Structures are given as structure tokens and as C-alpha cells.
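None of the values given here were measured: they were computed from a predicted structure. Atoms within each ligand, like the ligands themselves, are counted from 1 in listed order. Along the sequence shown, residues are numbered consecutively beginning with 1.
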Amino acid sequence: MYHKISNQLCQCGTPFYCYDLSLLRSTLGAINLEIEGYPFVVHYALKANANPVILREIVNAGVGADLVSGNEIMAAIEAGFDPNKMAYAGVGKTDWEIETGIDKDIYCFNVESVPEMEVINEIAARKGKTMGIAIRVNPNIDAHTHRYITTGTNEDKFGIDIPMLDEVVEKAMNLSNIHLRGLHFHIGSQITSLEPYKMLCEKVNKLVDHYEKNGVNFEMIDVGGGLGIDYEKPEENPIAPFHDFFAVFKNGLKLREGQKVHFELGRSIVAQCGALISRVVFVKENSVKKFVILDAGMTDLLRPALYDAHHKIVNLTSQESDMETYDVVGPICESSDVFACDEQLPITRRGDLIAILSAGAYGESMASSYNMRNLPGSQFVG
Ligand SMILES: *Cc1c(COP(=O)(O)O)cnc(C)c1O
């Protein structure tokens with residue numbers, strides 16, 4: 001995608017995010033192809049990237065929204081997502097956020113605790129409405145991803161753990177202004193093995209059986225998101241392995257008549273279509289290392305500092321064929337403001353343009369103005 005980045009595009013000033021909309025459309029097309037003919041509904045997790053231009057493309061593909069705040073509900077409405085395809089998760093929904101979801105008639109609250117369920121019931125009753133909910137279950141599956149992005153073990157703050165589930169389901173059945181639609185799961189993010197998803201299918205089947213025997217039928221199961229992408233070889237694998245991912249659920253879930261499966265994909269939809277474009281401010285040497293110092297930093301792309309994540313880095317302008325080893329760093333006054341250590345790049349000079357690839361997810365949406373920096377802008381190709 002970075003071949004499409006022209007000098008003209010860079011005149012707006014660096015750093016900025018460059019999005020390849022044709023790759024985004026191909027990605028959405030690949031997903032729609034896999035779910036066609038199946039009772040599957042895909043939601044897009046807005047927290048991965050809420051750039052309005054990106055959202056418009058996703059709305060056009062008919063995908064729903066997965067939301068984690070009241071402002072995200074408003075942004076999804078603004079972007080034209082169908083409220084009937086909106087699910088809202090989060091352990092700490094405040095009253096105004098719950099009210100917003102109720103006022104906008106969203107499809108489902110993914111409820112994470114009993115107190116939350118009671119408040120939704122109470123506010124819905126006050127408004128004379130009945131709200132759809134799913135209970136977020138903590139299935140105690142280790143997704144083998146970074147500990148900051150694993151969400152489905154008993155040590156995590158998310159969801160209701162299985163020993164308490166009977167009690168919570170019964171409670172939901174007895175509250176008059178909520179309607180229990182089903183169970184919700186989300187086991188983590190950047191999951192690169194399908195094994196955790198197979199284990200999830202088994203847990204889901206067991207729970208559906210168990211509740212069916214007790215007279216509780218679910219109209220839907222929400223299996224969350226988390227499908228990983230290839231950060232090391234983005235050019236070879238620009239589209240996530242959707243075929244294999246959806247096949248796990250096609251083969252693994254024992255669905256009941258009329259039952260739907262909801263998915264909440266974030267990263268795998270938008271990560272590869274975005275690159276962070278930056279200019280080299282200085283190349284600096286000390287007694288042991290060479291540093292490439294960029295005008296982009298952790299305020300523009302937090303993942304390396306927050307999760308030790310590595311993104312592929314490309315020098316867009318160097319004509320050199322000789323390679324050199326650099327630490328690629330940002331300008332922020334924090335030692336963790338490092339994009340990569342010991343990165344091999346062609347000989348790099350002040351003024352070169354650098355692309356940090358696979359930055360479309362949890363990039364722009366996590367940007368901050370720490371050090372009083374400007375937020376990164378965005379440009380679109382394709
Ligand atoms: C973040 C999140 C997602 C999306 O996760 P990805 O790893 O980006 O696919 C889905 N569901 C919930 C509840 C989330 O919090």
C-alpha cells in the first residue's frame with residue numbers, strides 16, 4: 001500500500017496515518033464472502049479505529065458495530081450503523097452511557113456484572129422499554145496472547161465466571177425490563193492460533209446444552225473478536241485468515257434452529273489498511289548504537305510502548321542498497337518511546353520518509369496529545 005504514498009500526500013506534514021481504502025474494501029469483501037449463507041452477523045469494534053472515513057466504508061459493507069462507550073454509540077449512530085446491529089460491552093458503563101444505549105434502541109447490552117444488569121433493568125423500566133442483553137461469560141480460556149490483551153481467564157476483570165453463571169442467568173430471566181438474548185464471549189486480541197477458538201466452541205456447546213435442559217433457549221451467541229493479523233509479513237498476508245477462522249465456528253458450534261452467531265472483529269478488519277507515515281528528524285550515533293529519530297512517537301502509535309508490539313518498518317525514500325542496524329525511536333521524553341530495536345533498514349538519513357506498517361488498528365484511536373503534541377492526521381489512498 002505504501003507504494004501509493006506520493007510526495008504530494010506528504011505535503012500535509014508528517015506524521016500522519018495513510019489508509020488504503022481498496023484494501024479495506026477487499027478485507028470486508030472477504031468477510032462477507034465467508035459468512036454468506038450462514039446465520040452469522042459481524043460487528044466491527046469501533047475502538048480499533050473510529051476514523052469517520054473508515055467507518056463509512058464499514059457501514060457500506062453492511063457490518064454492525066461493537067461498542068465500548070457512550071461516545072462510541074453516538075459515533076456509530078452518526079456514521080450510519082444500524083442500531084439493530086449494535087452491541088455494547090464494558091465493565092463500567094455509567095448511567096448516561098446506559099441511557100444512551102437505551103434511547104438509541106441498540107440491539108444488545110453485553111452485561112458484565114449483576115449490578116450492571118440491575119441498573120439497565122431499572123433505567124429501561126423508567127423509560128418504559130425492554131432492553132436486549134447478553135451475559136458476558138468469562139470462559140477461563142487462555143488465548144496465549146500478551147497479558148494486557150487476554151480477557152477470558154478468571155484473573156481478568158471481564159465477564160461473569162462460569163461457577164456464577166446459573167445464578168446470573170436466572171436473575172436475568174426474572175427481571176421484567178430486560179430480555180436475555182444470549183451469551184457473549186471475548187477471549188482476547190491478536191490471537192494467532194485457532195485452538196482457543198475451538199475450545200471456545202466446546203464451552204459454548206456445553207453451556208447451550210445445559211441451559212436448554214433448564215428451559216432457557218438463546219436466540220444468539222456472540223463469540224467476540226480477537227483474530228490476529230500478520231505484523232511481520234503484512235505485504236504477503238494483507239488479509240487475515242478469515243476462511244479458517246469462520247470455518248472453526250461453522251464446524252464447531254452446534255447451533256439450534258434460528259440461532260445466530262455474532263462476531264466482533266476489530267483489528268482483523270482495519271489493521272493492515274493503515275500505515276503511520278513519519279519523517280526522520282535526526283540520525284544519531286552513540287558509542288554502541290545508531291538511532292533513527294522520527295517525528296512520530298508513542299503519542300501517535302502506542303502499541304510498541306504499551307504491549308511490546310513490533311510493526312514492520314519501511315524506508316520509503318532511501319535509494320541505498322546497503323543495510324544498517326538501527327533503533328527506531330520517537331521524540332517523546334519516555335524511554336519506552338521506541339518503535340523497534342536493532343531494526344535492519346537501508347542506510348537512512350535525515351529527511352527520509354518512514355512507513356510503520358499494520359497500524360490501522362489501535363493506532364490513531366489510541367493517539368494522545370502527551371507532550372502537548374498534535375494528534376496525527378489522516379490521508380486516504382485507493
Ligand atoms: C476490543 C474488543 C473486540 C475487538 O477485538 P479485536 O482483537 O480488535 O478483534 C471485540 N469485542 C470486545 C468486547 C472488545 O472489547
Side-chain angles (χ1 to χ4, degrees), residues 24 27-28 30-31 40-51 54-55 58 63-69 71-73 76 81 85-93 97 101 106-113 116 133-139 141 143-153 156-160 182-194 196-197 200 220-231 239-242 245-246 248-249 261-274 302-303 306-307 309 358-366:
L24 176 58
T27 305
L28 291 162
I31 292 171
F40 289 0
V41 181
V42 173
H43 300 245
Y44 166 64
L46 264 77
K47 74 176 191 286
N49 190 323
N51 186 300
I54 302 278
L55 294 186
I58 295 171
V63 170
D66 176 60
L67 310 161
V68 290
S69 75
N71 286 349
E72 281 195 358
I73 299 174
F81 283 94
K85 286 188 180 176
M86 287 188 191
Y88 174 21
V91 293
K93 303 177 184 79
E97 292 179 305
I106 65 169
Y107 172 71
C108 192
F109 281 83
N110 291 337
V111 169
E112 311 227 12
S113 67
E116 178 194 333
I133 70 154
I135 296 171
R136 179 166 182 175
V137 180
N138 184 329
I141 292 173
H144 297 292
T145 182
H146 190 280
R147 75 186 167 90
Y148 285 179
I149 47 177
T150 175
T151 52
T153 77
D156 298 311
K157 67 180 174 182
F158 300 100
I160 308 272
L183 300 177
H184 169 241
F185 304 81
H186 174 64
I187 56 175
S189 199
Q190 184 53 18
I191 299 170
T192 50
S193 154
L194 294 174
Y197 291 115
L200 177 61
M220 65 91 154
I221 297 295
D222 184 334
V223 294
L227 177 62
I229 61 127
D230 192 341
Y231 281 101
I239 296 181
F242 294 116
F245 172 73
F246 286 109
V248 169
F249 299 95
V261 186
H262 290 240
F263 297 85
E264 305 170 340
L265 299 172
R267 185 192 314 272
S268 55
I269 296 180
V270 291
Q272 299 292 26
C273 80
L302 184 60
R303 298 189 66 259
L306 185 62
Y307 310 126
S358 316
Y362 307 105
E364 192 180 351
S365 65
M366 281 189 170

**Request:** Record the part of His186 in heavy-atom contact with ligand 1 below 4.0 Å; permitted values are side chain, backbone, both and neither.
**Result:** side chain
**Item:** Heavy-atom nearest option to atom 14 (C) of ligand 1, drawn from His262, His184, Lys47, Glu264
**Value:** Lys47
**Prompt:** Looking only at non-hydrogen atoms, which of Asp66, Val91, Ile187 approaches atom 12 (C) of ligand 1 most closely?
**Reply:** Asp66
**Asked** Below 4.0 Å from any atom of ligand 1, is there a heavy atom belonging to Tyr362?
**Response** yes
**Message:** Can you tell me if Ala48 contacts ligand 1 (heavy atom of the residue under 4.0 Å from the ligand)?
**Reply:** no
**Request:** For residues Arg267 and Ala48, report the shortest heavy-atom separation together with the two atoms involved.
**Result:** N-CB, 4.1 Å
**Item:** Closest heavy-atom pair and its distance - Asn110, Glu116
**Value:** O-OE2, 4.0 Å
**Request:** Mind checking side chain to side chain contact (heavy atoms under 4.5 Å, CB included) for Val261 and listing every partner two or more places apart, or none if nothing turns up?
**Result:** Phe40, Val223, Leu253, Leu255, Phe263
**Asked** Among all residues two or more places apart in sequence or in another chain, which pass the side chain to side chain contact (heavy atoms under 4.5 Å, CB included) test with Glu97?
**Response** Ser69, Tyr88, Thr94
**Test item: Val270 and Leu24 side chains (from C-beta on) under 4.5 Å apart, heavy atoms** = yes
**Asked** Would you say Tyr44 and Leu55 make side-chain contact, with heavy atoms under 4.5 Å?
**Response** yes
**Request:** Can you sort out which atoms of ligand 1 are near Arg267, meaning under 4.0 Å from one of its heavy atoms?
**Result:** 6 (P), 8 (O), 9 (O)
**Request:** Enumerate the atoms of ligand 1 whose separation from the nearest heavy atom of Ala45 is less than 4.0 angstrom.
**Result:** 3 (C), 4 (C)
**Request:** Note the single closest protein heavy atom to atom 7 (O) of ligand 1, along with its residue, its atom name and the distance in Å.
**Result:** Ser189 OG, 2.3 Å
**Request:** Apply the test ring-ring contact (aromatic ring centres under 6.0 Å, His included) to residues His262 and Tyr107: give CA-CA distance (whole Å), side-chain angles for both, the deciding distance (0.1 Å), then the verdict.
**Result:** CA-CA 12 Å; His262 290 240; Tyr107 172 71; 5.2 Å; yes
**Prompt:** For Leu227 and ligand 1, does the shortest N/O to N/O distance drop below 3.5 Å?
**Reply:** no
**Gly224-ligand 1 polar pair, N/O distance under 3.5 Å** = no
